[in-house]
Amino acid sequence: MWECPELFLLGGKHVLIFSTQGKTHWKVGELDQKQMLFHPEKEGILDYGSYYAAKTQLAANGQRILWGWILEARPLAEYRAAGWAGMMSLPRVPTLASDGGLTMQIAPAVEVLRGRQQVLKVTSSEEKNQEQIGKMVIENSCGEILCTFKPGPDKVGLSLRGAQPNQCATQLWLTLQCDPTAQHQISLDGAVIPVQLSDLHTLEVHIYIDGSVAEVFVNKQITYTKRYYCTGGEAPTISVSILGKTTSLSGLEMWQLNPISPNRLTI
């Protein structure tokens, strides 16, 4: 059974999106309007995490905007007790890549929510880099992280951890790893996801965090929506850890985001 099927024009091609068996799929190809047959040329998964039933709209400037339903990943009894379930994703802008596939990024309009910015000044000293990173945090579980790596002979990646206010213990929420010996895949929370990195000089990881969700974008090719939950009425502080040497980094920026509503926390 297909849910929320949609066919639309994008960059001179037709794109078909549909949801089934817990995932939203995309296909890019040509529509034969005489026979009304769609001929797919490229296909993939729109998001490898808790993301479903995506639909698009046209903005006033003609730009295609994609919205998705972010599903719950906690037991039914817990969200019944909370009194709510699910949320909408941030608006995404789909575009066609040079190879004919589909790429994705968050709509630039979201940047108006940016507040305090933190920038890592990458040095040749591992100790100084780690000291800087240790001070870079996202407060109130509401922020944006942009991390870029220079692929080399060693594994690279990052992890996100959350700590409740006034607590020292942290909880591991997300891990991403890229192995240069396996250029056609990355690992996200231990799951192997196909991606093409062999011709790229930079590995870009862009993460948006809000309350109980993180939306992850890898080189605009792979998207992964992660749900996580905390107890109590206060959102945790998020910190970043870098896998491997920090000298593999070409940049790390973090922004505090302004929440769009006062009652966004998971309770």
Side-chain angles (χ1 to χ4, degrees), residues 17 20-28 40-52 54 68 73 89 92 94-106 120 122 124 126 129-130 133 144-162 170-209 213-228 238-254:
I17 60 173
T20 183
Q21 297 181 323
K23 295 296 178 191
T24 298
H25 302 253
W26 62 263
K27 295 177 184 286
V28 174
E41 299 164 355
K42 291 271 187 175
E43 61 182 42
I45 303 292
L46 202 61
D47 190 294
Y48 285 85
S50 298
Y51 185 95
Y52 197 68
S89 70
R92 302 180 181 185
T95 54
L96 289 186
S98 57
D99 66 355
L102 198 66
T103 58
M104 201 77 56
Q105 61 184 325
I106 293 296
L120 171 67
V122 182
S124 58
E126 183 72 19
N129 292 341
Q130 291 289 2
I133 294 170
E144 176 185 351
I145 300 168
L146 178 59
C147 186
T148 53
F149 297 90
K150 299 171 288 187
D154 301 318
K155 294 179 180 179
V156 296
L158 57 80
S159 63
L160 296 185
R161 291 182 176 273
T170 62
Q171 182 179 356
L172 180 63
W173 278 343
L174 185 142
T175 60
L176 182 149
Q177 182 174 298
C178 177
D179 186 340
T181 63
Q183 295 181 332
H184 300 288
Q185 63 186 43
I186 59 171
S187 173
L188 270 165
D189 285 339
V192 174
I193 297 176
V195 65
Q196 179 61 290
L197 298 173
S198 58
D199 298 328
L200 299 174
H201 301 292
T202 299
L203 174 66
E204 179 189 274
V205 182
H206 209 157
I207 305 174
Y208 296 80
I209 303 164
V213 62
E215 295 185 60
V216 183
F217 298 76
V218 181
N219 280 23
K220 301 181 179 67
Q221 295 182 39
I222 296 297
T223 61
Y224 175 70
T225 301
K226 174 68 179 288
R227 298 302 308 272
Y228 57 87
I238 308 295
S239 60
V240 178
S241 296
I242 301 300
L243 170 66
K245 294 183 179 179
T246 59
T247 49
S248 67
L249 287 170
S250 55
L252 174 61
E253 296 178 79
M254 298 167 65

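No experiment lies behind these values; they were computed from the predicted model shown. Index from 1, following the sequence.
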| task | Mind running side-chain contact (heavy atoms from CB on, under 4.5 Å) on Ile106 and His206 for me, showing each step along the way? | result | CA-CA 9 Å; Ile106 293 296; His206 209 157; over 6 Å; no
| query | Can you check side-chain contact (heavy atoms from CB on, under 4.5 Å) on Arg161 and Gln171, steps first, answer last? | reply | CA-CA 5 Å; Arg161 291 182 176 273; Gln171 182 179 356; over 6 Å; no
| query | How far apart are the C-alpha atoms of Ser159 and Leu172, what are their side-chain angles, what is the distance that settles it, and do they pass the side-chain contact (heavy atoms from CB on, under 4.5 Å) test? | reply | CA-CA 7 Å; Ser159 63; Leu172 180 63; 3.8 Å; yes
| said: Is there a side-chain contact (heavy atoms from CB on, under 4.5 Å) between Ile207 and Leu160? Walk through the geometry before answering. | reply: CA-CA 10 Å; Ile207 305 174; Leu160 296 185; 4.1 Å; yes
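Looking only at side-chain heavy atoms (C-beta outward), Met254 and Val240 come within less than 4.5 Å of each other. Looking at Leu46 and Thr223, their side chains never come closer than 4.5 Å, going by heavy atoms from C-beta outward. Contact check for Thr24 versus Ile45: no side-chain heavy atoms found under the 4.5 Å cut-off. No side-chain heavy atom of Lys27 sits less than 4.5 Å from a side-chain heavy atom of Glu41. Between Lys220 and Met104 there is no side-chain heavy-atom pair separated by less than 4.5 Å. With contacts defined as side-chain heavy-atom distances shorter than 4.5 Å, the pair Val218/Leu203 qualifies. A heavy-atom distance below 4.5 Å is not found between the side chains of Ile242 and Val156. The shortest distance between side-chain heavy atoms of Tyr48 and Pro194 falls below 4.5 Å.
When all heavy atoms are compared, the tightest approach of Gly162 to Trp173 is CA-CZ3, 3.6 Å. Across Pro94 and Leu102, no two heavy atoms sit closer than the pair CB-CD1, 4.1 Å. Of all heavy-atom pairs spanning Ala73 and Arg227, the tightest one is CB-CB, 3.8 Å.
A side-chain contact (heavy atoms from CB on, under 4.5 Å) with Leu188 is found for one member of Ile222, Thr175, Val195 and no other, namely Ile222.
Every residue two or more places apart in sequence or in another chain that forms a side-chain contact (heavy atoms from CB on, under 4.5 Å) with Thr225 is listed here: Asp47, Tyr51, Ile70, Arg92, Val213, Glu215.
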Contacts under 3.5 angstrom, residues 243-252 side chains, donor-acceptor by atom type, not counting sequence neighbours:
residue, atom, partner, partner atom, Å
Thr246, OG1, Glu126, OE1, 2.9
Thr246, OG1, Glu126, OE2, 3.4
Thr246, OG1, Asn129, ND2, 3.0
Ser248, OG, Lys245, O, 2.8
Ser250, OG, Thr148, O, 3.3
Ser250, OG, Thr148, OG1, 2.8

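Judged purely by atom type and a 3.5 angstrom limit, Thr103 uses its side chain to pair as donor or acceptor with the backbone of Thr95. At distances below 3.5 Å, at least one donor-acceptor pair connects side-chain atoms of Asn219 with backbone N or O atoms of Thr202. Here the side chain of Lys155 pairs no donor or acceptor atom with the backbone of Pro180 at under 3.5 angstrom. With Ser89 contributing its side chain and Gly68 its backbone, the two residues share a donor-acceptor pair below 3.5 Å.
Of the inter-residue distances, the one linking Glu204 atom CD with Gln221 atom CD reads 11.0 Å to the nearest 0.5 angstrom.
Note: Phe217 and Tyr208 have perpendicular aromatic rings, judged against thresholds of 30 and 60 degrees for the angle between ring planes.
Note on residues 179-190: pairs passing salt bridge (charged side-chain N to carboxylate O under 4.0 Å, His left out), not counting sequence neighbours, are Asp189-Lys226.
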